[in-house]
Amino acid sequence: MSLVLHIWRQSDSTAQGRFERHTIDEFTPDMSFLEMLDVLNEGLISAGKEPVAFDYDCREGICGACSLVIDGIPHGPQNATTTCQLYMREFSDGDEIWVEPWRVGAFPVVRDLVVDRSAYDRILQAGGFISARTGSAPDGNTFPVSKETADRVFTSSTCIGCGACAAACPNASASLFVAAKIAHLGLLPQGQPERNSRVHTMLAQMDTEGFGFCGNHRECEAVCPKEINIDRIARMNRDMYRSLVRR
Amino acid sequence: MIYDLHSNEPTGPLENRWTKHRFDMGLVNPANRKKYQVIVVGTGLAGGSTAATLGEMGYHVKSFCFQDSPRRAHSIAAQGGINAAKNYQNDGDSVWRLFYDTIKGGDFRSRESNVYRLAELSVNIIDQAVAQGVPFAREYGGLLANRSFGGAQVSRTFYARGQTGQQLLLGAYQALNRQIAAGMVEMFPRTEMLELIVIDGRARGIVTRNLVDGKIEAHTADCVVLCTGGYGNAYYLSTNAKGCNASAVWRAHRHGALFANPCFTQIHPTCIPQSGSYQSKLTLMSESLRNDGRVWAPLRPQDSDCAPADLPEDARDYFLERRYPAFGNLVPRDIASRAAKEACDDGRGVGPEVNGRRLGVYLDFSKAIGQLGEAVIGERYGNLFEMYQRITGEDPNKTPMRIYPAIHYAMGGLWVDYNLMTTVDGLFAAGECNFSDHGANRLGASALMQGLADGYFVLPYSIGNYLSQHEADPIAPDHGAISSAISAVNSRIDRLLSAPGAKHPPEHFHRLLGQLIWDNCGMSRDPAELKNALQQLPEIRDRFWHEVKVTGSGEQFNQTLERAGRIADFLELGELMCVDALERNESCGSHARSDHLTADGEVKRDDDNYSYVAAWEYSGDVSTPILHKEQLCFEFVHPSIRSYK
C-alpha cells in the first residue's frame with residue numbers, strides 16, 4: 001500500500017515553516033503511525049537528508065510525549081488514542097495525510113513536529129500538588145476515601161499531559177488539563193487545605209502562559225486520549241467562585 | 001585498581017540494622033544544607049523522589065532528564081502495582097515475609113541487609129504516596145484495597161487500576177514541582193548527561209548536552225546521583241520506552257564504577273509478538289491473562305501457517321499443560337518464556353514471518369469463553385483485549401491471541417554499597433540502574449517499591465552522611481577536569497557525525513546488536529553461542545564507528561545523534577552482558593544456562609561456587625573487563641530450591 005504525506009517542516013522556533021511532500025511506498029496495516037514515520041526517517045537518513053523530528057517515548061499510550069495533528073485532529077482520527085497507538089489499518093491505500101505539530105501559541109515549535117510544552121509543567125508548579133513533606137505522612141488508612149470518590153479521582157488523575165486538549169481548542173485553552181488536576185487533588189481529603197489557593201494560582205499561571213479560557217466548545221474532551229470529561233471544568237469554575245467567598 | 005567491595009552494611013540483628021545505621025550516620029545541620037549542590041540525573045520514581053526530598057531538606061538540587069518533561073520518565077508505564085508489608089488484609093504478611101519472598105524470588109543472589117531494609121521501608125512509601133494524593137484502589141468502606149501478585153501467598157500489592165506507575169510517578173513529579181517552584185530544585189528537561197566529571201577520585205559533576213540547541217555544558221556539585229533506569233533496550237526490542245538508555249551508567253562505569261551482574265535481565269512471557277522488521281517496541285500484556293488463557297502451538301511445524309481455527313485439538317500442543325501438569329499455564333515467567341521459545345525454535349511458531357522466523361505462540365481463551373461466556377471474560381480482561389485488538393487488528397474473543405516473551409527489566413546495574421554509593425566516591429545510583437535488591441530475578445510489584453524506597457527514604461540519609469564528611473567545595477569553572485570532560489564529549493559527537501564510510505542509520509546497528517544478544521544472551525544462554533556472540537560484537541562495534549550515518553549537525557535538535565550516542569554505549573554494554581553470562585557457570589533466576597537446567601527446564605543454582613555478585617571493572621578495553629566478587633553471606637535465610645512442579 002502507498003500514501004502521500006504532507007509533513008510540517010520547520011528548522012527551529014524562529015524559522016519559517018512549510019509543508020513537505022513525501023510518498024510512502026510501502027506500509028502495512030500492522031505498523032503504527034510512528035513506525036511508518038520511522039521508516040520514512042531511516043530512508044531520509046540513508047539518502048543523506050535530515051529526518052523529520054517528532055516526540056515519542058513509551059509508544060504504549062501512557063507517557064504523553066507523542067503529539068501530532070493528523071488531518072486536522074490532534075492524535076488522529078481514532079477515538080481515545082494517542083498517536084503512538086494509532087495503527088495504519090485506520091488508513092487506506094492512496095490516502096493523502098497532513099501532519100502538523102500542536103498549533104498553540106503557548107507551545108512554540110522546537111523543530112518540525114516537536115513543540116515545547118513546558119507551559120504545562122509551569123502550571124502544575126504553580127499549585128498542582130499536595131504539600132506533603134517526605135516522612136510526615138500519617139498511616140495510609142487514616143482518611144477513608146469512598147470507592148466512588150477514588151474512582152472519580154482516578155478518571156481525572158489519568159491525564160498524561162500530552163497537550164491535545166489545548167491543541168484542539170479554538171481558544172487554545174488549557175482548561176481541561178488544569179481542571180483535571182484540580183479535580184484530582186480537590187476531591188481527596190488530603191487536598192482540602194490547599195484547595196482554595198490552588199485553583200487561583202494554577203488559573204493565573206494558565207493565563208500568564210497565554211492560554212485562552214474555556215468557551216464550552218468541548219473539542220478537548222473529544223480528542224483527549226484518556227477521555228477526561230469536560231464536567232471537570234465546571235467543577236473547576238465552581239471551585240474558583242467558592243474560593244472567592246471562603247478565602 | 002583495587003576495589004574495596006565492602007558492602008558497608010551494618011551488623012547485628014537484621015531488623016535493627018537500618019535503625020542502627022541511621023543513628024550512626026552523620027548529619028548536615030539544616031542551616032548548612034544550602035551550601036551543598038547535588039546533581040540528580042533522571043526523573044523517574046527514584047530520581048524524582050530523590051530530587052524532591054533533597055530539595056525539601058534544603059539542599060540545592062539540579063535535576064536532569066532527557067524527556068521534554070520530568071513526568072514522562074518510563075516509571076510511568078508500570079502497570080501492576082507496588083508491594084508493601086502493611087498486612088492490611090490480616091493474612092499473615094510482615095516485613096520479614098516480604099523480605100523473604102523478595103530474596104527467594106531473586107534466587108538468593110541479593111544482599112540480606114538491603115532487601116530487609118526495602119521491605120521495612122515499603123510501608124512508609126504507601127503512607128507517603130497516599131498523602132500526596134495518589135489514588136490507590138479502595139474498598140467500599142473507603143480503606144485501601146490490595147491484590148495478590150506472583151511469588152507471594154499474601155495479598156500485599158497496592159494498585160491504581162493498571163496504571164500504578166503513572167500515579168506514583170505523578171506523585172513524585174508533583175513533589176518535585178513543588179520544590180522547583182520553591183527554587184530548591186533547578187530543572188533541566190531535554191538535557192542528556194554525556195560524561196561524568198571526576199576530580200581527585202570524587203564524582204564532582206556531569207557534562208550535558210542541551211537536546212534543543214546542542215549546547216554542551218558542565219555542571220558541578222558536591223555529589224552526583226544517577227537514577228537513570230535499566231538497560232533493556234540493549235536488546236533493541238523490549239517493553240522499555242524508546243528513549244531508555246544506559247549511557248549515564250556506562251559513562252560512570254568507564255570512570256571506575258563497577259557494573260554488577262549485567263547478565264541478569266528479566267523476560268516477560270506475555271508480550272504482543274513482533275509483526276514486521278519495522279517494529280519499534282514490544283507491548284506487554286498483563287500476566288493475569290494466563291489465568292484463563294491456554295498456551296499452545298501447532299504440534300507439527302508444517303501447520304505453523306494454518307489459521308488456528310483450522311487446527312483440530314489433536315493437531316495442537318498445549319505445551320505448558322503437557323510439561324508442567326501441576327502449574328500448567330501458570331508456571332513462573334522464566335519457565336513459560338523458555339517453553340515458548342523452544343516451541344518456536346522447533347519451527348512451530350505462529351504469526352507473520354519476520355526475517356524468516358515465526359515468533360509467537362497462541363494464548364487461547366475459547367475454552368474459558370465457552371465455560372464462562374464472553375461477558376465474564378470481557379469483565380476480567382476487556383481493556384487488555386481492546387488494547388490487543390488495537391495493536392494487532394484481531395479480536396481475542398474470536399481468534400486466539402498471539403504472544404511471545406520480551407525483555408522488560410534489568411536486575412543488574414551499577415554496584416552499590418548499603419548507602420547506594422558506587423565504587424566512585426560521591427557517585428550514588430538508585431532505582432533500576434543499580435543492582436541492589438532483586439538478585440537474579442525481580443518479583444512483580446517490586447520495582448516501584450525499590451525506586452521510591454531509594455529516593456524517599458534511603459538517599460536522603462546516606463547523601464547527608466556523605467556530605468557531612470565533606471566541606472562544601474565549589475569547583476572553579478576553569479578546572480582542567482571540566483575542560484577535558486567537555487572535549488571528550490565534543491570529540492565523541494564529532495566522531496558520530498563523521499564516520500568515514502557513513503552509510504547506515506544508527507538503528508541498523510541497534511537491530512544487529514539486539515538480535516545477537518536476544519538470540520545468545522536472552523531467554524536461554526549456551527556457552528558456545530555466547531562465545532560466538534563475543535566474537536561478533538567487536539566487529540559490529542567497529543562497523544558502527546566506521547559506517548554509522550548521522551545527518552544534521554551537533555548544534556541543533558538532532559534525534560539521530562542522540563540515538564547514535566546511546567547505541568554506541570549499548571554496543572559496549574552488550575558485550576559485558578555476554579561476558580558475565582559466560583562467566584556465571586550456573587543457572588539462577590532469569591539467567592538460564594542451557595548447560596545448567598534440570599530435565600524439567602528449571603534452573604540449577606551452584607551456591608558453592610557462584611553465591612556472589614559479579615562486579616566488573618572497566619579495564620580500558622571493553623573486551624577484557626576485570627571481575628571482582630562480593631561474596632553473599634546468608635545469616636538469616638537458607639538458600640532453598642524453587643519448585644513449581
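Here is how names work: the chains are called A, B, and so on, in the same order as the sequence lines, proteins then strands, and each is numbered from 1. Bear in mind that the values here come from a model prediction, so they are computed numbers and not experimental data.
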Kindly indicate, with the supporting measurements, whether the criterion side chain to side chain contact (heavy atoms under 4.5 Å, CB included) is fulfilled by Tyr173(B) and Asp121(A). CA-CA 10 Å; Tyr173(B) 161 71; Asp121(A) 286 321; 2.4 Å; yes
Using a 4.5 angstrom heavy-atom cutoff, name the option from [options] with the most pairs to chain A.
options: Gln279(B), Met387(B), His504(B), Met187(B); result: Gln279(B)
options: Gln132(B), Arg71(B), His74(B), His508(B); result: Arg71(B)
options: Arg138(B), Gln174(B), Arg72(B); result: Arg72(B)

[atom1]-[atom2] distance between [X] and [Y], expressed to the nearest 0.5 angstrom:
X: Glu50(A); Y: Thr560(B); atom1: CD; atom2: OG1; answer: 8.5 Å
X: Ile391(B); Y: Ser32(A); atom1: CD1; atom2: OG; answer: 9.0 Å
X: Asn141(A); Y: Leu144(B); atom1: CG; atom2: CG; answer: 4.5 Å
X: Ile62(A); Y: Gln79(B); atom1: CD1; atom2: CD; answer: 9.0 Å
X: Lys49(A); Y: Thr551(B); atom1: NZ; atom2: OG1; answer: 11.0 Å
X: Asn41(A); Y: Arg563(B); atom1: CG; atom2: CZ; answer: 7.0 Å

Assess the residue pair Tyr278(B) and Asp30(A) against the criterion (side chain to side chain contact (heavy atoms under 4.5 Å, CB included)); give the C-alpha distance rounded to whole Å, side-chain angles, the decisive distance to 0.1 Å, and a yes or no. CA-CA 10 Å; Tyr278(B) 49 79; Asp30(A) 292 332; 3.5 Å; yes
Could you pull out the closest heavy-atom pair between Gln166(B) and Ser157(A), with the gap in Å?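 Minimum heavy-atom separation between Gln166(B) and Ser157(A): NE2-O, 4.2 Å.
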Minimal heavy-atom distance between Gly140(A) and Val130(B), with the atoms involved, is O-CG1, 3.7 Å
Report the C-alpha distance between Tyr88(B) and Asp139(A) in whole Å, list the side-chain angles of each, state the deciding distance to 0.1 Å, and finish with yes or no for side-chain hydrogen bond (donor to acceptor under 3.5 Å, both in side chains). CA-CA 11 Å; Tyr88(B) 282 161; Asp139(A) 183 85; 2.7 Å; yes
If I measure from the heavy atoms of chain A, does [X] come under 4.5 Å with its side chain, its backbone, both, or neither?
X: Glu56(B); result: both
X: Phe457(B); result: side chain
X: Ser280(B); result: both
X: Gln167(B); result: side chain
X: Asp68(B); result: both

When you look at Glu139(B) and Lys147(A), which way does the side chain to side chain contact (heavy atoms under 4.5 Å, CB included) test go after all the steps? CA-CA 6 Å; Glu139(B) 292 166 356; Lys147(A) 186 173 185 310; over 6 Å; no
Non-hydrogen atoms of chain B under 4.5 Å away: do they reach the side chain of [X], the backbone, both or neither?
X: Thr81(A); value: both
X: Arg133(A); value: both
X: Ser67(A); value: neither
X: Arg89(A); value: side chain
X: Gln125(A); value: both
X: Thr149(A); value: neither
X: Leu185(A); value: side chain
X: Val110(A); value: side chain
X: Leu86(A); value: neither

Pair Lys281(B) + Asp57(A), salt bridge at N-O below 4.0 Å: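 No salt bridge links Lys281(B) with Asp57(A).
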Other residues, nucleotides and ligands only: do more than 12 of their heavy atoms fall within 6.0 Å of CD on Glu148(A)?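 Not more than 12 within 6.0 Å, no.
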Is it true that, when you exclude Phe143(A) itself, more than 12 heavy atoms of the residues, nucleotides or ligands shown sit nearer than 6.0 Å to its CZ? no
Determine whether a donor-acceptor pair (N or O, by modelled atom type, separation under 3.5 Å) exists between the side chain of [X] and the backbone of [Y].
X: Gln163(B); Y: Thr158(A); answer: no
X: His184(A); Y: Pro135(B); answer: no
X: Asp127(B); Y: Ala137(A); answer: no

Considering heavy atoms only, which positions within residues 176-186 of chain B lie below 4.5 Å of chain A? Asn177(B), Arg178(B), Ile180(B), Ala181(B)
Most chain B-contacting option - heavy-atom pairs closer than 4.5 Å, from [options]:
options: Ala53(A), Ser118(A), Ser146(A), Gly191(A); value: Ala53(A)
options: Gly61(A), Ser131(A), Gly128(A), Pro29(A); value: Ser131(A)
options: Val39(A), Asp12(A), Val114(A); value: Val114(A)

In sequence, state the C-alpha distance, the side-chain angles, and the governing distance for Asp55(A) and Arg190(B), and then conclude on side chain to side chain contact (heavy atoms under 4.5 Å, CB included). CA-CA 11 Å; Asp55(A) 264 324; Arg190(B) 289 205 202 268; 2.9 Å; yes
Could you walk me through whether Arg511(B) and Glu42(A) pass the salt bridge (charged side-chain N to carboxylate O under 4.0 Å, His left out) test, one step at a time? CA-CA 13 Å; Arg511(B) 280 192 281 262; Glu42(A) 286 197 42; 2.7 Å; yes
Has Lys242(B) got its NZ or CZ under 6.0 Å from the middle of the six-membered ring of Tyr56(A), at an angle within 45 degrees of the ring axis? no
